[in-house]
2 protein chains.
Amino acid sequence: MGSKERLIEATSELLWERGYAATSPHDIMALAGVGQGSMYHHFSGKHDLAVQALRLSIERAMDANGLLDSAAQPLERLRANLFLPRPGVKGCRVGRMTQDPDVLADPELLGLVAEAFEQMHRKWAETIREAIDAGQLPGNVDPDDLASAFQAVIQGGYVLAKASGDQAPMDAAMRGAAALLDVAATSAASQQPAITAESSLDQILRHGVDGGEDMAATPANRSGGNRLGAH
Amino acid sequence: MGSKERLIEATSELLWERGYAATSPHDIMALAGVGQGSMYHHFSGKHDLAVQALRLSIERAMDANGLLDSAAQPLERLRANLFLPRPGVKGCRVGRMTQDPDVLADPELLGLVAEAFEQMHRKWAETIREAIDAGQLPGNVDPDDLASAFQAVIQGGYVLAKASGDQAPMDAAMRGAAALLDVAATSAASQQPAITAESSLDQILRHGVDGGEDMAATPANRSGGNRLGAH
DNA sequence: GTCTATACATAGATAGAC
DNA sequence: GTCTATCTATGTATAGAC
């Protein structure tokens, strides 16, 4: 690995650990093990170095979330992505940048971060749409809103973990989000059957218990079978 | 307002806008309109100033979330708190601190942040417990997990808003979280009635519509009924 | 209590030798 | 391509006058 790559790697690490504003060229050179001459030969300065390092970090972060693109059932992809191992206490390489004043003031750096979040949002929303289409989630939730909520719970999970110095609150947040997702999935699965079952009860009550016809083949029966099959 | 108060107010604002590491004593003095002599007379240094300013910020942030302690129905308090107006693009005065390297390295500052998050967590969890006890949320969700999820979705909402420079993604995240909460509430509301309805149906089915023998009361039927009750 | 003057380290970048 | 030397501005704090 040449000096240039080592400098990019070092910058990427320091951007993660200390952010942009608090990282000095001196820190980078020390971690990369190169002198000032090399750094200013390969890069125009701190900004240039940060742009290239951030591109690398974002590329890696997107790859780590490739699970959303897998071939599994959409609902399962959502759950699996929530429970992806994430280094809460170290924080998010990308989300971290949003709190750095010098990043916010730098259109190029901020643009990279914004684009990354938009791209992840599209992935989440697409998978949620598939889940709704497959009847795995209720049709009355907005996929874009839900996508933002999942992005937020992950980013916020990092914040909780860093605040406490402990992974536990982030894991708890993911479990809480997954629990709500499960309730929604159950609701979607029971929606059609539940309505049917209720109306069949209404029918029975309306027609009387000894009315007679078709009992075994009631929707209630099928609903039980469908629900088992759905999961 | 004396120099001391002005200095604390100015520090509080700058901690919010630029964080701790990127805020210099010079910035603070300029914003407060006082000289160096005043600052080092009232405070031992930057750290001391930050501690007192952060205490103030936290106090205000807790007050802003006092809604969770209101007398309204617990579920409504949860929803209302999600939809509290929040300055997404400006970020969270408290959560912001978790991304500052100099805060993470300062036990006193980090301790204040950690304590604030714990306190908010207790508020959320307590309200969620009340909602479950009131039958407004399903009994099988963990209040602590759900509390962490709500804290995270808010903190993450700030991150999304700062990344995009737009309040919209944060609002979307809150709507998404509220939608999941609503599904859970609907599920809880239908739970008790559902059990009753289902068990009455089971009874009808078990005793037979035509006086017959248990044909309708197959395991498949009961499993469908039980699942409605259990979830 | 508040001011100005001063001190010392670090940030970020340039110059020029090898 | 890489190194050391140098430069200017800023961060953080102290000294001492008023």
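Remember, predicted model here, so these are calculated numbers, not experimental data. By convention in this document, chain letters (A, B, ...) are assigned in the order of the sequence lines, proteins followed by strands, and residues within each chain are numbered from 1.
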Test: side-chain hydrogen bond (donor to acceptor under 3.5 Å, both in side chains). Region: [range]. Which pairs qualify, not counting sequence neighbours?
range                       : value
residues 142-153 of chain A : A/His121-A/Ser148, A/Arg129-A/Asp144, A/Asp145-B/Arg175
residues 89-100 of chain B  : B/Glu13-B/Arg93
residues 154-165 of chain B : none

Which donor-acceptor pairs under 3.5 Å do the side chains of residues 27-39 of chain A make with protein atoms, sequence neighbours left out?
| unit_1 | atom_1 | unit_2 | atom_2 | d |
| --- | --- | --- | --- | --- |
| A/Asp27 | OD1 | A/Ser24 | OG | 3.4 |
| A/Asp27 | OD2 | A/Ser24 | N | 3.2 |
| A/Asp27 | OD2 | A/Ser24 | OG | 3.2 |

For [X], give me all partners under salt bridge (Lys or Arg N to Asp or Glu O under 4.0 Å), at least two apart in sequence or on another chain.
X        : result
A/Lys46  : none
A/Asp171 : none
B/Arg86  : none

Contact boundaries on DNA chain C for chain A, cut-off under 4.0 Å to non-hydrogen atoms: C/dA11 to C/dT14
Atom pair CD/CD of B/Glu9 and B/Glu5 - distance to nearest 0.5 Å: 9.0 Å
Nucleic acid contacts of residues 39-55 of chain A, taken as heavy-atom distances under 4.0 Å to DNA chain D: A/His41, A/His42
Positions of residues 22-38 of chain B (non-hydrogen atom under 4.0 Å from DNA chain D), listed by number: B/Thr23, B/Ser24, B/Pro25, B/Gln36
B/Glu108: partners by side-chain hydrogen bond (donor to acceptor under 3.5 Å, both in side chains), with sequence neighbours left out: B/His47
B/Tyr20: partners by ring pair (Phe, Tyr, Trp, His ring centres under 6.0 Å), with sequence neighbours left out: none
